[in-house]
Structure formats: structure tokens, C-alpha cells
Amino acid sequence: MPEGCRCAGIAGLGIYVPERVLTNQDLEKMVDTSDAWIRERTGIRERRIAAPEEATSDLAAAAARAALADAGITAGEVDLIIVATATPDTLFPATACLVQEKLGADRAGAFDLLAGCSGFIYALACGAQFIAGGAADTVLVVGAETLSRIVNWEDRNTCVLFGDGAGAAVLRPAPREKGILATLLGSDGSGGTLLQLPAGGSRLPASQRTVQENLHYIQMNGREIFKFAVRVMGDAALEVVRKAGLSPEQIDLFIPHQANIRIIDAAARRLGVPMEKVVVNVDRYGNTSAASVPLALADARDAGRLCRGANIVMVAFGAGLTWAAAAVRW
Ligand code: ACO
């Protein structure tokens with residue numbers, strides 16, 4: 001953070017994952033795939049699937065309540081709610097407004113942010129700027145997804161990869177040299193069609209034809225996304241470490257977006273961080289997009305891996321194409 005600005009830190013963390021577990025063995029009965037293929041190519045063993053009555057705002061509100069409780073503050077103290085999601089309840093109103101209502105956060109502004117799987121770190125960077133500039137004291141940042149609703153359950157190329165969940169962080173002013181030390185955001189719209197949900201927007205409104213042609217489901221060029229991810233994850237992490245005035249050896253914990261264990265391995269190698277410093281939970285949750293980084297962060301906290309003063313680097317890539325990284329001192 002530049003001189004004279006307030007630093008923002010994470011004052012509370014909360015998560016919510018749906019109860020229903022969908023294992024690779026379950027998927028073997030749905031599409032032509034195998035547990036061995038999924039584990040070897042992705043590292044995923046199981047993922048969570050939202051109940052029929054649950055939508056993204058329900059997951060987001062549950063995670064937000066847990067984060068507020070963890071921070072020891074009430075909903076009435078929240079100035080701003082940012083919900084990062086690619087699976088909003090509806091195109092409008094914003095899911096953040098639904099969360100505001102569910103929490104009873106009656107003083108808060110609220111908006112959604114769409115940056116694919118990079119969404120949580122984008123929202124973290126955004127919330128930190130509101131605090132740095134003095135426009136807000138307490139920002140609730142949520143990454144929440146119900147990807148199960150936009151996955152084609154007959155397409156083995158995509159349906160094995162994704163899961164549902166939500167993670168939330170409360171941002172508040174932090175002492176200098178603590179909290180969010182540096183952030184980095186990137187995008188390359190020329191790769192937008194590599195990972196997209198083609199129908200339902202103004203370009204291709206929903207119609208019988210779009211449904212018949214499955215254009216309301218995720219479409220992905222897995223190989224190209226893989227190459228892109230391996231390149232940007234390592235580069236963005238290295239760049240944010242440099243911006244924070246750190247060296248890779250000073251990283252205590254590396255929290256990459258949980259899309260694929262092979263992408264995580266490659267990013268850790270590029271950064272020069274050994275795997276014992278890397279948080280991995282892709283085996284239990286699959287790719288939960290904007291929820292992935294906060295779910296991993298909370299896992300690290302629950303495992304006692306977030307020590308006071310630890311240097312943490314988070315990095316993600318996603319639809320857009322986008323990438324984002326943050327260096328945080330705990
Ligand atoms: N079970 C069995 N076989 C499968 C499955 C499956 N579930 N899925 C694909 N295959 C087959 C393919 O059809 C292909 O067969 P073919 O050679 O006969 O055509 C073969 O396996 C190999 O396919 P590849 O695409 O080369 O497999 P790869 O090793 O690249 O793994 C994967 C595919 C897992 C999708 C990988 O490319 C990947 O992880 N890409 C990144 C995806 C990602 O992270 N997306 C999320 C982005 S973030 C966001 O914003 C949501």
C-alpha cells in the first residue's frame with residue numbers, strides 16, 4: 001500500500017459448503033468416466049452439490065454469517081458487500097443485494113463482481129481499496145458459486161471438474177505492514193471464448209434454440225485453459241511477491257485457485273515454493289470457482305497453518321480470461 005493509505009486486513013473468515021457429496025464413483029454412473037481418470041488428471045475425489053432449494057445467495061449468506069461471527073462484528077457494521085460470482089441467483093437483482101437482505105446489513109452498499117475463478121481475489125483487491133481510500137471501514141467480501149446449475153451433466157469434459165460452495169472474508173483497517181500488502185489484477189478478453197456460458201445474456205438471449213443446443217451450459221477448451229493457467233498462475237504469483245517487497249523464500253503459505261492438482265504443482269514449481277507450503281483441497285471440493293481461494297484459506301486456518309505474521313500468497317485464474325494475486329501478512 002502507498003504511504004499515507006490505510007492497510008486492509010482480513011478480520012474474519014467463514015465458509016459454507018452444501019451437505020451433498022458427489023463422488024467420482026457417483027459420476028462413473030452418470031457419464032463415461034472413471035475415478036482413476038479424474039484423480040490422475042485433476043486430483044479431484046469428490047465435490048459438493050447444492051440442494052435444490054439452495055441458490056448462490058443462500059451459500060453466500062451462510063459463509064458471510066460465519067465470517068461476521070469470526071470477526072466478532074454485527075451485520076449492521078458492514079459498509080459494503082461485494083459478492084464475486086459467475087452463478088448469480090438471477091442476472092438482476094445482484095446476489096450481493098440478496099445477501100444484504102438475508103444478513104440485515106442495513107447500512108451496506110452491495111454489488112456483484114464477475115471475474116470467474118479470480119473473482120474472490122478481485123473482490124479482495126477492490127474491498128481493500130475502499131478501506132485504503134477511507135470510503136469504508138468494514139467490507140464483506142464473498143466468493144460464492146452454484147456451478148452445478150450451469151454444468152451439462154452429460155458432458156464428461158466439464159461435469160467432473162466443478163463443485164458448489166462459498167467463502168467470505170471481513171476486511172477492516174489493519175496496522176501498517178500487516179494485512180493485504182499487494183494485489184495484482186490481469187485480464188485478456190481475447191481468450192474469452194475458451195471458457196464461457198454463451199446464452200442468457202444480451203448477445204444470445206435464452207430461447208428454445210439456445211436450450212436445445214446446450215448454450216446455457218459451461219463451454220470450455222480444457223487444454224488451452226490448462227496452458228494459460230500454468231503460465232499466469234506462476235507469473236502472477238511471482239509478480240505480486242515482488243510488488244509486496246518479498247522474495248519467494250519468504251512465502252510461508254501459497255494458496256492457489258483449486259482447479260487441478262497439476263496446475264497447482266506447476267504454479268508452485270514456477271514460484272519455487274515446496275508443496276508442504278501449498279494449500280490443496282481440490283480433492284474434496286473440486287473447482288468451486290470464486291469460492292475456491294477462500295475455501296482453501298479457511299482450510300489452512302482450521303488446520304492451524306495461518307500463523308501470526310505469516311506471508312501468504314493467493315493466486316487465481318479464470319473466465320474472462322482473468323488472473324489475480326494477493327500477498328497478505330496474517
Ligand atoms: N473421463 C474420462 N475421459 C475424459 C474425461 C473424463 N471425465 N474428460 C475428458 N476425457 C478424455 C477426452 O475426451 C480426451 O480423449 P481423446 O484423447 O480421445 O479426445 C482425453 O480424455 C484427454 O483429454 P485432454 O483434454 O487432453 O485431458 P487433459 O489431460 O488436458 O485434462 C482437463 C483435461 C482436466 C479438463 C484439463 O485440461 C484441465 O484441467 N484444464 C483446465 C480446466 C480449468 O481449470 N477450468 C476452469 C477454469 S476457471 C473458471 O473460471 C471456472
Side-chain angles (χ1 to χ4, degrees), residues 22-47 56 84-88 112-123 143-166 185-189 191-198 217-234 236 256-267 280-283 285-296 314-325:
L22 186 74
T23 64
N24 291 350
Q25 286 76 17
D26 296 328
L27 280 164
E28 283 175 347
K29 296 174 201 136
M30 297 162 63
V31 286
D32 180 14
T33 191
S34 67
D35 172 51
W37 191 95
I38 301 171
R39 272 191 292 111
E40 278 161 28
R41 304 300 259 260
T42 71
I44 302 168
R45 289 172 186 275
E46 59 186 44
R47 68 287 291 142
T56 298
T85 187
T87 49
D112 285 0
L113 188 156
L114 176 51
C117 304
S118 313
F120 180 79
I121 301 179
Y122 259 75
E145 303 283 8
T146 43
L147 291 160
S148 62
R149 301 283 155 73
I150 58 164
V151 156
N152 180 351
W153 290 103
E154 292 177 357
D155 175 12
R156 69 174 184 178
N157 291 292
T158 49
C159 76
V160 304
L161 303 176
F162 300 106
D164 300 336
L185 307 180
S187 68
D188 178 5
T193 54
L194 296 176
L195 179 55
Q196 63 173 343
L197 194 140
Y217 291 132
I218 293 181
Q219 294 188 352
M220 182 182 78
N221 180 332
R223 275 179 212 180
E224 288 306 314
I225 291 287
F226 190 94
K227 284 191 257 174
F228 155 74
V230 165
R231 179 169 52 81
V232 298
M233 289 270 275
H257 169 43
Q258 308 285 311
N260 184 316
I261 190 64
R262 293 183 293 145
I263 297 172
I264 294 172
D265 278 344
V280 177
N281 66 7
V282 68
D283 52 323
Y285 296 133
N287 180 349
T288 57
S289 191
S292 142
V293 167
L295 283 176
M314 304 178 231
V315 65
F317 67 93
L321 299 170
T322 59
W323 56 95

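Numbers here are sequence positions counted from 1. Because only heavy atoms are used, hydrogens play no part in the values below, and waters and symmetry mates are left out as well, while side chains stay in. Whatever order the structure lists ligands and atoms in, that order sets their numbers, starting from 1.
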*Can you sort out which atoms of ligand 1 are near Ala259, meaning under 4.0 Å from one of its heavy atoms?*
44 (O)
*So how far is it from Gln258 CD to Ile263 CD1, rounded to the nearest 0.5 Å?*
11.0 Å
*Distance from atom 31 (O) of ligand 1 to nearest protein heavy atom, with residue and atom*: Arg262 NH2, 3.4 Å
*So which of Asn152, Thr87, Leu161, Leu195 actually passes side-chain contact (heavy atoms from CB on, under 4.5 Å) with Ile218?*
Leu195
*asked:* Counting only heavy atoms from other residues, nucleotides and ligands, does the tally under 6.0 Å from CD of Gln25 exceed 12?
replied: yes
_Among all protein heavy atoms in this structure, tell me which lies nearest to atom 36 (C) of ligand 1, with the distance rounded to 0.1 Å._
Phe226 CD1, 3.9 Å
*Do any nitrogen or oxygen atoms of Arg156 come within less than 3.5 Å of a nitrogen or oxygen of ligand 1?*
yes
_Suppose we measure from atom 33 (C) of ligand 1 to each protein heavy atom; which comes out shortest, and what is that distance?_
Trp37 CH2, 4.0 Å
*Is there a nitrogen or oxygen of Arg41 sitting under 3.5 Å from a nitrogen or oxygen of ligand 1?*
yes
*When you measure from atom 16 (P) of ligand 1 to every protein heavy atom, which one gives the shortest distance, and what is it?*
Arg223 NH2, 4.7 Å
*Heavy-atom protein neighbour under 4.0 angstrom from atom 20 (C) of ligand 1*: no
*Worked check of side-chain contact (heavy atoms from CB on, under 4.5 Å) between Phe120 and Ser292*: CA-CA 8 Å; Phe120 180 79; Ser292 142; over 6 Å; no
*Which atoms from ligand 1 have a heavy atom of Asn260 less than 4.0 Å away?*
34 (C), 38 (C), 39 (O)
_Distance under 4.0 Å to a non-hydrogen atom of Gly222: what atoms of ligand 1 satisfy this?_
37 (O), 40 (N), 41 (C)
*asked:* Under a 3.5 Å cutoff, is there a donor and acceptor pairing between the side chains of Glu145 and Thr85?
replied: yes
*Check whether any protein heavy atom sits under 4.0 Å from atom 28 (P) of ligand 1.*
yes
*Is it true that a side-chain atom of Arg156 and a backbone atom of Asp32 form a donor plus acceptor pair closer than 3.5 Å?*
yes
_Applying side-chain contact (heavy atoms from CB on, under 4.5 Å) to Ile44 and Asp283, what does each step give before you reach the verdict?_
CA-CA 4 Å; Ile44 302 168; Asp283 52 323; over 6 Å; no
_Structural part of Leu147 in contact with ligand 1, heavy atom criterion under 4.0 angstrom_ = neither
*asked:* At less than 4.0 angstrom from any non-hydrogen atom of Phe162, what atoms of ligand 1 do you find?
replied: 51 (C)
_Is there a polar contact, in the sense of an N or O pair closer than 3.5 Å, between Thr33 and ligand 1?_
yes
*Examine distances only and state if a side-chain atom of Asp265 and a backbone atom of Arg262 form a donor-acceptor pair shorter than 3.5 Å.*
no
*Which of the numbered atoms in ligand 1 are below 4.0 angstrom from a heavy atom of Val160?*
7 (N)
*asked:* Can you check atom 51 (C) of ligand 1: any protein non-hydrogen atom closer than 4.0 Å?
replied: yes
*asked:* More than 12 heavy atoms of other residues, nucleotides or ligands under 6.0 Å from CZ of Arg45: yes or no?
replied: no
*Worked check of side-chain contact (heavy atoms from CB on, under 4.5 Å) between Met30 and Leu22*: CA-CA 11 Å; Met30 297 162 63; Leu22 186 74; 4.2 Å; yes
*Starting from atom 49 (C) of ligand 1, which protein heavy atom do you reach first, and at what distance in Å?*
Cys117 SG, 2.4 Å
*Side chains of Tyr122 and Thr322: closer than 4.5 Å at any heavy-atom pair?*
yes
*Judged by atom type as modelled, is there a donor-acceptor pair below 3.5 Å linking the side chain of Trp323 to the main-chain atoms of Asp188?*
no
_Nearest-neighbour protein heavy atom for atom 46 (C) of ligand 1, which is reported as residue plus atom name and distance_ = Asn287 ND2, 3.3 Å
*Residue and atom name of the nearest protein heavy atom (relative to atom 9 (C) of ligand 1), distance in Å to one decimal*: Asn157 OD1, 3.1 Å
*Run the numbers for me: atoms of ligand 1, each under 4.0 Å from some heavy atom of Ala319, listed by number.*
49 (C), 50 (O)
*asked:* Distance under 4.0 Å to a non-hydrogen atom of Leu195: what atoms of ligand 1 satisfy this?
replied: 47 (C), 48 (S), 49 (C), 50 (O), 51 (C)
*Partner set under side chain to side chain contact (heavy atoms under 4.5 Å, CB included) for Ala144, not counting sequence neighbours*: Thr56, Ala60, Val142, Ala166
_side-chain contact (heavy atoms from CB on, under 4.5 Å) between Asn287 and His257, intermediate numbers included_ = CA-CA 8 Å; Asn287 180 349; His257 169 43; 3.0 Å; yes
*Pull out every atom of ligand 1 sitting under 4.0 Å from any heavy atom of Phe317, numbered as shown with elements.*
44 (O), 47 (C), 48 (S)
*Can you tell me which residue and heavy atom of the protein come closest to atom 45 (N) of ligand 1, and the distance to 0.1 Å?*
Met220 SD, 3.2 Å
